[in-house]
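First up is the structure itself, then whatever we jot down about it.
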Amino acid sequence: MLRSSAALATAIGLLTAGSQGPVALAQSTSGSDAIVVDGTAFALHGAGMSYVFHADTTTGDLITDHYGASVSGALPSPGESGVSGWVGTIGRVRREFPDQGRGDFRIPAVRIRQTAGYTVSDLRYQSHEVLDGKPSLPGLPATFGEAGDVTTLVVHLYDNYSAVAADLSYSVFPEFDAVVRSVNITNKGSGDITVEQLASLSVDFPLEDLDLLSLRGDWAREAHRERRRVDYGVQGFGSSTGYSSHLHNPFFALAHPSTTESQGEAWGFNLIYTGSFSAQVEKSSQGLTRALIGFNPDQLSWTLGPGETLTSPECVSVYSNEGIGGMSRKLHRLYRKHLIRSKFATSDRPPLLNSWEGVYFNYNQTSIERLARQSAALGIRLFVMDDGWFGDKYPRTSDNAGLGDWTPNPDRFPDGLGPVVERITNMDVNGTAGEKLRFGIWVEPEMVNPNSSLYRKHPDWVLHAGSYPRTERRNQLVLNLALPEVQDFIIDFMTNLLNSADISYVKWDNNRGMHEVPSPRTYHEYMLGLYHVLDTLSSRFPNVLFEGCASGGGRFDAGILHYFPQFWTSDNTDGVDRITIQFGTSLAYPPSAMGAHLSAVPNHQTGRTVPLEFRAHVAMMGGSFGLELDPATLQDNPEVRELIKLAEKVNPIVLTGDLYRLRLPEESQWPAALFVAEDGSQAVLFYFQVGPNVNHAVPWVRLQGLDPEARYSVDGNATYTGATLMNMGLQFTFDSEYGSKVVFLERQ
Ligand code: GLA
């Protein structure tokens, strides 16, 4: 519903009801009045955040006035300063959507090659509208919410010289201090134009020192937290792998150098996209900082015919003045309620056993049933058959063949999957009142091995560039999901598979990056195709729990989380390494979305041996707890049954609670995290020691997020006030180098 609108400007440079700059703006924090408009000045308010900008009456440019903690009433005007030198006014102001070619020498948010070949743009305010709720984004994953949860401001910009329109969308979720942004570029002219650069979000900060936080890594080493000072010049990162990738996550935060986990200001930015991306931050010659994130311009060349529109992915931004931790909690809450659309977003996840590290490719019907039976005997509720079950003419007995041929391997499953799955789903889960074991399966739908019937039949379905050699990684090629026939193939085989047996879980893998992409346009077209496939299948099978995976966390992004409620966090299952990876991932993504498994020792990736309890405790910090080893090795081990029960006990708090990273693994050998239930009635503390401690004191761990007045029982024993637990803390000592504790707090 349209709630407020400015009349359309009829000619360029002519603005509607104009405000001259910062103006008096009412402050409001409820969903329905989170956006306040005064002429062409706009204030977006959250419970503790204000974002204020206006259209300059002379230039039509959108100028940022404030983005940070709440402001109200009249805003002071910026001081007048002389303009001399090469950088004119346009290069010195805080711009909402910096176009290029007219003297702003900083990085642009948009670059459009006009019909005549120019790359100059002059996008000026034309009109705006305010909508209750939030429209969905065509073909793209997006946050969602009803009127009352979210309000949307759309500002229409227009370039009269080239007949290009830009619609900037700002959706405010006041409860989370979140503003979600996206941009539409529309060709209103009569010739083709090409979008060569488009950021979903661009934001300019005033002169102040800022740190840039990001997540970097590689396979089996995802989500390592990086913090560096924003310096003069451009600094940034991105992915050109075709996917969001392990290398850099499409997330960054800006924070003051003095900001800590629990104190100070932080702004978090997270792109809701699974493709290549670019994040850039520039401290300009004048000292202002510009940050932007969106498509990777190296891989964007999107031609728009007359009347056509390109919609950017969304970017979430949240503001916190409760440190980096506060920023993460706002993102987590927003994602649990307004991004992840699966019915499993916050519902208990069954403890599972995944066959991969236990048997890899070496299984058949008999051994799979043995694994399932032994899993059920441990109290596991979901058995997952990983890679190796398919391929007839080219059996998938190694990673050399079979991808693309999604029929059960007849040597391994002579009667198909149906009877095996039926036997497995008739097994009783030990320790339950007759609950039956559930069955899950692994697929890698976007890929094909050249050794497959599919590739023999459709060699043109893979990404390829003319006669350039088709480079293989892990002996496989990437199917081109930009092609509708490939999308249909995947939708059809997945539908048949899920209808062929009682399958309640799917692990959707994707194990290489893109090469030999036929054109820059293909990168985004592939993503639109992928989202169509994920949308169709997750809607068609709402009762199937989908887990994303990409050689571990290679596509752990907010785009995938829209469709799948969880993601396999890393192929590195080492208990110690996993603390760093899971803490890092939690910078942007809710723990509810993390798959985390207890695996064998010595660990298959690092060779390290850490105690069973430690490995289990680390895995319990993920929303989807599991085992990934041969269950035969644990049959006589009563401890493991207790640990599975403990995982189930903590799971609801991990899924829905607020996470406080009390001590970081990169800063201390005693990392700790606290989850506080949404209603504050319970909390669970995870505490680790990750190295030897000889003849030296150990620190106290001070809790956070409790009610200082309330009393909490600690593991059912002593009771302390929240104030004591937060201001004095608890202390634990261990005999071995890898010690761990899971401690329950219950509000009295
Ligand atoms: C990827 C995944 C693993 C496993 C293998 C199977 O590496 O990340 O968990 O499923 O593929 O080939």
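All of these numbers come straight from a predicted model, not from anything done at the bench. Count residues from 1 along the sequence. Start at 1 and go down the list; that is how both ligands and their atoms are numbered.
Considering backbone and side-chain N/O of Trp356, none are found under 3.5 Å from N/O of ligand 1. The shortest N or O to N or O distance between Gly552 and ligand 1 is below 3.5 Å. Checked by distance only, ligand 1 and Glu628 stay at 3.5 Å or farther apart across all their nitrogen or oxygen atoms.
By the 6.0 Å and 45° rule, Arg456 does not stack over the aromatic ring of Trp461.
At the top of the distance list for atom 3 (C) of ligand 1, counting protein heavy atoms only, stands Asp571 OD1, 3.5 Å. Counting protein heavy atoms only, atom 4 (C) of ligand 1 is closest to Asp386 OD1, 3.5 Å. Looking from atom 12 (O) of ligand 1 to the surrounding protein, the closest heavy atom is Asp387 OD2, 2.6 Å. The protein non-hydrogen atom at the shortest distance from atom 1 (C) of ligand 1 is Asp509 OD2, 3.0 Å.
Ring geometry for Phe493 versus Phe489: interplanar angle of 30 to 60°, hence tilted. Ring geometry for Phe390 against Trp406 counts as tilted: the plane angle lies between 30° and 60°, on a 0 to 90° scale.
Near Cys549, with a cut-off below 4.0 Å to any heavy atom, the atoms of ligand 1 are 2 (C), 8 (O). In summary, the atoms of ligand 1 found under 4.0 Å from a heavy atom of Trp568, numbered by their order in the structure, are 8 (O), 9 (O).
Contact analysis puts Lys507 in contact with ligand 1, with a non-hydrogen atom separation below 4.0 angstrom. For the ligand labelled ligand 1, residue Arg474 lies inside the 4.0 Å heavy-atom shell.
Ring pair Phe675/Phe686: centre-to-centre distance below 6.0 Å. Between His524 and Tyr273, the distance from one ring center to the other falls under 6.0 angstrom. Two rings, from Phe277 and Tyr523, have their centers 6.0 Å or more apart.
Between Arg227 and Glu666 no salt bridge is recorded (no basic side-chain N to carboxylate O distance below 4.0 Å).
If you look at Asn511 next to ligand 1, the close heavy atoms, those under 4.0 Å, all belong to the side chain.
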- Show the numbers, then the answer: is there a salt bridge (Lys or Arg N to Asp or Glu O under 4.0 Å) between Asp405 and Lys457? CA-CA 11 Å; Asp405 297 349; Lys457 202 166 159 202; over 6 Å; no
